[in-house]
Amino acid sequence: MANIKSQIKRIRTNEKAQLRNRSARSAIKTAVRRFRDALTSGDSTKIAEELRAASKTLDIAVTKGVLHGNAAANKKSSMAKAAHKAGVK
């Protein structure tokens with residue numbers, strides 16, 4: 001354990017950020033998994049809805065600094081490509 005007051009505070013804030021980031025990453029994984037499940041179901045309205053929800057989750061993660069912007073863009077692009085291939089306009 002640190003002895004310096006500022007370092008003790010830094011440890012506490014890092015733990016809070018770690019929990020927040022873990023929650024955000026979990027939400028991203030859940031949203032992407034729901035999109036993939038919608039793809040396998042074949043329902044175009046559900047695919048479009050889940051694509052929109054997953055894109056929103058990724059955008060929020062980028063604004064919070066959890067995920068790099070290009071990483072989110074790559075995920076969104078691949079999901080949009082898969083949705084287009086499934087027949088969603």
Side-chain angles (χ1 to χ4, degrees):
M1 186 67 189
N3 293 326
I4 300 167
K5 196 174 189 180
S6 62
Q7 190 59 34
I8 292 169
K9 182 178 179 182
R10 197 73 199 128
I11 290 169
R12 274 200 320 262
T13 58
N14 285 342
E15 287 172 352
K16 285 181 196 173
Q18 183 182 11
L19 289 173
R20 191 170 51 243
N21 290 341
R22 188 183 306 154
S23 173
R25 281 193 303 266
S26 176
I28 291 167
K29 289 176 187 174
T30 302
V32 172
R33 186 174 62 246
R34 283 184 180 162
F35 171 74
R36 275 194 251 111
D37 291 344
L39 268 180
T40 57
S41 75
D43 183 16
S44 62
T45 57
K46 189 174 181 184
I47 292 171
E49 180 183 319
E50 293 300 333
L51 175 64
R52 208 171 305 114
S55 295
K56 184 177 179 180
T57 306
L58 286 166
D59 288 338
I60 290 170
V62 169
T63 59
K64 299 296 181 187
V66 176
L67 195 63
H68 193 274
N70 289 349
N74 288 337
K75 286 181 190 291
K76 286 167 54 177
S77 174
S78 65
M79 287 191 304
K81 192 175 180 181
H84 183 71
K85 195 173 182 181
V88 177
K89 300 284 182 198

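What you see below is based on every heavy atom in this structure, not just the backbone, and it leaves out hydrogens, waters and symmetry mates.
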*Do any N or O atoms from the side chain of Ser23 and from the backbone of Leu19 form a donor-acceptor pair under 3.5 angstrom?*
no

*Between Ala31 and Ala54, what is the shortest heavy-atom contact and its length?*
CB-CA, 3.8 Å

*Spacing of Ser55 atom OG and Met79 atom CE [to the nearest 0.5 Å]*: 4.5 Å

*Of all the heavy-atom pairs spanning Ile11 and Ala2, show the shortest one and how long it is.*
CD1-CB, 4.1 Å

_Approximate separation, where rounding is to 0.5 Å, of Arg20 CZ and Arg22 CZ_ = 12.5 Å

*Test Glu49 against Thr45 for side chain to side chain contact (heavy atoms under 4.5 Å, CB included), laying out the working first.*
CA-CA 6 Å; Glu49 180 183 319; Thr45 57; over 6 Å; no

*Taking all non-hydrogen atoms of both residues, which atom of Ala86 and which atom of Ile47 are closest, and how far apart?*
CB-CD1, 4.0 Å

*Would you mind listing every salt bridge (Lys or Arg N to Asp or Glu O under 4.0 Å) that reaches into residues 61-87, with sequence neighbours excluded?*
Asp59-Lys76

*Lys46 NZ to Leu39 CG distance, which is reported to the nearest 0.5 Å*: 11.0 Å

*Just jot down the side-chain contact (heavy atoms from CB on, under 4.5 Å) partners of Asn21, sequence neighbours excluded, or say none.*
Arg25, Val66

*Hey, what do you get for OG1 (Thr57) to CZ (Arg34), rounding to the nearest 0.5 Å?*
9.0 Å

*In Å, rounded to the nearest 0.5 Å, how long is the span from CD of Glu15 to CZ of Arg10?*
11.5 Å

*Under 3.5 Å, is there a donor-acceptor pair between the side chain of Ser77 and the main chain of Ala73?*
no

_Side-chain heavy atoms nearer than 4.5 Å, only ILVMFWY residues, links allowed to pass through others: does that put Leu67 and Ile60 together?_
no

*Do Leu51 and Val88 come within less than 4.5 Å of each other through their side chains, counting heavy atoms only?*
no

*asked:* According to salt bridge (Lys or Arg N to Asp or Glu O under 4.0 Å), does anything in residues 35-45 pair up with another residue at least two apart or in another chain? List the pairs.
replied: none

*Heavy-atom distance under 4.5 Å between the side chains of Arg12 and Ile8, does that happen here?*
yes

